[in-house]
Amino acid sequence: MQRHVLSVLVENEPGVLSRVVGLFSGRGFNIDSLNVAPALEDGTSHMTITTYGDSMILEQIMKQLHKIVSVIKVVDFSELQAVEREMMFVKVQAEGQARGEILRTVEIFRCKVVDVSHTEMTIEATGDHEKLEAILGLLQRFGIKEIARTGSVAMRRSRQPEG
Amino acid sequence: MERTGAYILLESLKREGVDILFGYPGGAVIDIYDELPRHPEIRHILTRHEQGAVHAADGYARASGKVGCCLVTSGPGATNTVTGIATAYADSIPLVVITGQVPTQLIGNDAFQEVDIVGITRPCTKHNFLVKDVKKLARTIRQAFYLARSGRPGPVLVDLPKDIVQATAEFLWPDDISMRSYNPTYKPNANQLRRAAELIAESQRPVLLCGGGVVMADAAAEATTLARKLRIPVTATLMGLGAFPATDELFLGMVGMHGTYAANLAINNADLVICAGARFDDRVTGKIAAFAPKARIVHIDIDPTSIRKNVDVDIPVVGDCKLALAGILDICESKYAEKDWATQHALWLKDVASWKKSKPLSYEPSADGAIKPQEVIEALRELTRGDAIIATEVGQHQMWAAQYYEFTKPRTLLTSGGLGTMGYGFPAAIGAQLALPDKMVIAVAGDGSLQMNIQELATAVANKLPVKVIILNNRHLGMVRQWQELFYAGNYSSTNMEAQPDFVRLAEAYGAEGYRIERAEDLLPELEKALSTPNPAFVDVRVEREENVYPIVPAGAALDEMLLV
């Protein structure tokens with residue numbers, strides 16, 4: 001079960017999100033994360049969907065997405081050179097000695113503290129899927145109270161000139 | 001000149017070739033019904049239930065090859081269409097379903113007769129629209145018909161709020177309907193066709209498996225020519241029956257759960273399966289892991305999602321069945337012109353013929369003069385010389401019709417293959433009769449299924465449609481009863497239907513004719529009498545109550561694990 005990041009360009013019509021999401025739920029495919037926002041061209045939206053599946057399931061997901069009349073283009077980034085990022089807020093328990101340790105962790109991962117109280121800190125982190133998982137792994141022992149994640153967005157890398 | 005939405009809708013339907021509109025009026029569509037008499041080119045058929053309207057439009061579409069169209073009101077009118085829409089979706093039937101909707105400003109307010117039909121039908125339509133601007137109405141109708149009939153056909157729903165129908169705009173008919181996000185592939189890839197032909201040339205034991213796609217693509221002639229020229233035995237799914245003449249020696253019968261011994265054995269022993277326009281449904285494949293274990297598979301389908309969904313294939317061919325089959329034959333005839341196909345397949349054809357001969361479809365004729373259901377289908381075949389349009393409901397009678405009628409032409413079997421909708425057949429027969437007034441149209445029904453849309457008899461009578469309903473009446477929900485007998489230790493839970501109306505008197509009460517046949521010796525003469533009346537008729541044929549459909553492959557078993565009797 002490999003992780004795949006799919007980029008889906010759709011006509012920005014009412015109900016288009018539900019067509020895409022309904023396809024995943026109706027056919028028993030997984031959505032790990034989903035991000036939707038307007039795309040470059042007016043009247044279109046861009047979805048980034050993170051999903052898991054073997055090659056046969058992925059083939060079906062790609063084909064079924066293409067089959068939706070409102071879907072213009074589907075790309076599987078796992079086959080391409082692409083950059084991928086996700087942002088998240090993490091609210092952690094932060095009292096006494098833990099505060100210093102949390103701040104060091106924040107620094108190592110180049111995160112930011114965006115809110116702080118006597119007992120908690122809220123950290124903003126950006127990175128690819130693995131980096132965010134690593135941050136969460138390290139913050140776990142302080143006590144994570146809440147997280148909010150955007151889900152991945154991805155973009156194909158520009159081709160480098162040859163030579 | 002500004003026109004109302006109602007005018008624009010009806011004018012658009014005419015431009016799309018709608019001559020018959022099935023429907024049922026109501027508050028949200030009353031303006032459309034108000035406009036309707038001013039468009040005499042459109043004949044409106046008032047059904048007695050919205051589900052009947054959709055099934056009738058579906059039967060019209062299957063029999064004629066055109067897009068079926070129906071019009072219903074909002075709320076319950078719209079929800080009553082859902083089973084019909086899902087039926088058409090499962091079998092890829094082109095329909096445009098127009099539903100009324102509450103006025104735009106009331107949408108979302110839980111208004112009277114409001115339902116989110118676009119949301120409800122999203123997973124069972126090819127596409128659907130909510131029209132929010134009367135200026136976009138003509139274009140939307142145009143797109144709806146284009147989507148319904150092109151690519152892999154299917155039902156498209158257009159939801160029309162009442163204020164849009166009442167609003168006015170200039171009627172502008174768009175010439176162009178290209179949609180950048182929708183481009184079905186018709187022309188198959190030439191390389192794939194060449195590779196398919198190569199496999200055929202190498203194959204010693206090929207089988208051609210025709211699905212409903214061959215019928216829908218009007219590719220029956222191409223399939224028949226290919227099989228005959230290359231001497232390839234042919235089987236068909238339920239939906240594919242009629243794509244290849246059942247009377248041809250190369251025909252093996254239907255494949256799958258109630259397929260013939262010869263067809264299922266041929267699939268299991270083939271070294272090549274050429275599947276055209278079928279999606280390898282579980283009723284066709286049986287246990288997937290044991291399906292066609294020795295075969296390489298060529299899969300032709302216009303819908304890429306059908307390919308490699310259930311069965312892994314060697315040569316996928318995305319495209320129109322007609323073009324693909326013609327293209328493959330073309331390559332076989334030019335590139336392998338020296339081949340003697342009859343000799344190459346001689347041993348295989350001998351094997352196949354011996355399976356056909358050793359275990360044909362059979363049943364034990366009744367000794368005491370009772371009527372066997374299979375006999376009824378055989379009698380129908382004889383009396384109609386195989387030339388009628390047969391619509392079926394769902395259950396045992398459906399399988400007997402599929403097995404024993406010997407369909408020789410495409411578009412002559414109208415049956416809910418994918419969804420298995422009881423209540424489909426009778427209204428579908430009504431739709432088919434309206435599409436083809438000169439054809440003999442027969443609905444083969446079970447006593448259970450018929451009662452699901454029996455109210456449509458009023459539609460048949462009101463429109464003087466000579467549809468005949470042959471009820472294989474076993475006073476059971478026979479197919480479920482059969483499963484209970486074979487797989488549930490005879491626990492006959494809720495399958496006895498002895499409490500039922502007198503179908504003869506019921507037909508008469510509606511103003512139709514009713515016949516009852518109880519003895520085998522009366523079958524042919526009485527059936528002949530019933531078929532020759534110009535009126536709609538119910539024929540209540542009392543058949544043996546506990547007859548089972550054989551062969552049967554138990555659900556989840558391999559195709560060669562058939563129970564033959």
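Owing to the predicted nature of the structure, the values given are computational and were not obtained by experimental measurement. Per chain, numbering begins at 1; letters A, B, ... match sequence-line order. Excluded from the calculations below are hydrogen atoms, water molecules and symmetry mates; all remaining heavy atoms, backbone and side chain alike, are included.
The number of heavy atoms from other shown groups lying within 6.0 Å of CE (A:Met88) is above 12. Remark: B:Asn109 CG is packed, more than 12 non-hydrogen atoms of other residues, nucleotides or ligands lying under 6.0 Å away. Heavy atoms from other residues, nucleotides or ligands lying under 6.0 Å from CD of B:Gln105 number more than 12. Within 6.0 Å of atom CD in A:Glu133, more than 12 heavy atoms from other residues, nucleotides or ligands are found, so the atom counts as buried in its surroundings. More than 12 heavy atoms of other shown residues, nucleotides or ligands fall within 6.0 angstrom of atom CG in B:Asn191. Within 6.0 Å of CD in A:Glu107 there are 12 or fewer heavy atoms belonging to other residues, nucleotides or ligands.
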Q | From CA spacing to verdict: side chain to side chain contact (heavy atoms under 4.5 Å, CB included), A:Lys63, B:Lys309 | A | CA-CA 10 Å; A:Lys63 286 172 167 178; B:Lys309 182 171 63 183; over 6 Å; no
Q. For A:Val69 and B:Gln143, what are the C-alpha separation, side-chain angles and deciding distance, and is it a side chain to side chain contact (heavy atoms under 4.5 Å, CB included)?
A. CA-CA 11 Å; A:Val69 171; B:Gln143 284 181 335; over 6 Å; no
Q: Check the pair A:Lys73, B:Ser181 against side chain to side chain contact (heavy atoms under 4.5 Å, CB included), reporting the backbone distance first and the verdict last.
A: CA-CA 8 Å; A:Lys73 195 177 167 193; B:Ser181 58; over 6 Å; no
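When the candidates A:Glu13, A:Met56, A:Gln60 are compared by the number of heavy-atom contacts under 4.5 Å with chain B, A:Gln60 comes out ahead. Per-residue counts of heavy-atom pairs under 4.5 Å with chain A were compared for B:Leu130, B:Leu147, B:Asn128, B:Asp312; the largest is that of B:Asn128.
For a residue to count as touching a neighbouring chain, one of its non-hydrogen atoms must lie under 4.5 Å from one of that chain's; by this rule A:Thr44 touches chain B with the side chain only. With a threshold of 4.5 angstrom between heavy atoms, A:Val71 approaches chain B through N, CA, C or O but not through any side-chain atom. Contact annotation for B:Pro304: both backbone and side-chain heavy atoms come within less than 4.5 Å of a heavy atom of chain A. Using a 4.5 Å cut-off between heavy atoms, B:Arg180 contacts chain A through its side chain alone, with no backbone atom that close. With a 4.5 Å cut-off on non-hydrogen atoms, A:Glu11 touches chain B through its side chain but not through its backbone.
For the pair A:Gln64 and B:Thr305, the tightest heavy-atom approach, listed with the atom from each and the gap, is NE2-CB, 3.4 Å.
Using a 4.5 Å cut-off on side-chain heavy atoms (C-beta onward), A:Lys67 and B:Arg152 make contact. Counting heavy atoms from C-beta outward, B:His127 and A:Ser70 have side chains that approach closer than 4.5 Å.
The NE2 atom of A:His66 lies 11.5 Å from the CG atom of B:Asn183; values are rounded to the nearest 0.5 Å.
Side-chain atoms of A:Glu59 never come within 3.5 Å of backbone atoms of B:Arg308 as a donor-acceptor pair (strictly under, hydrogens ignored).
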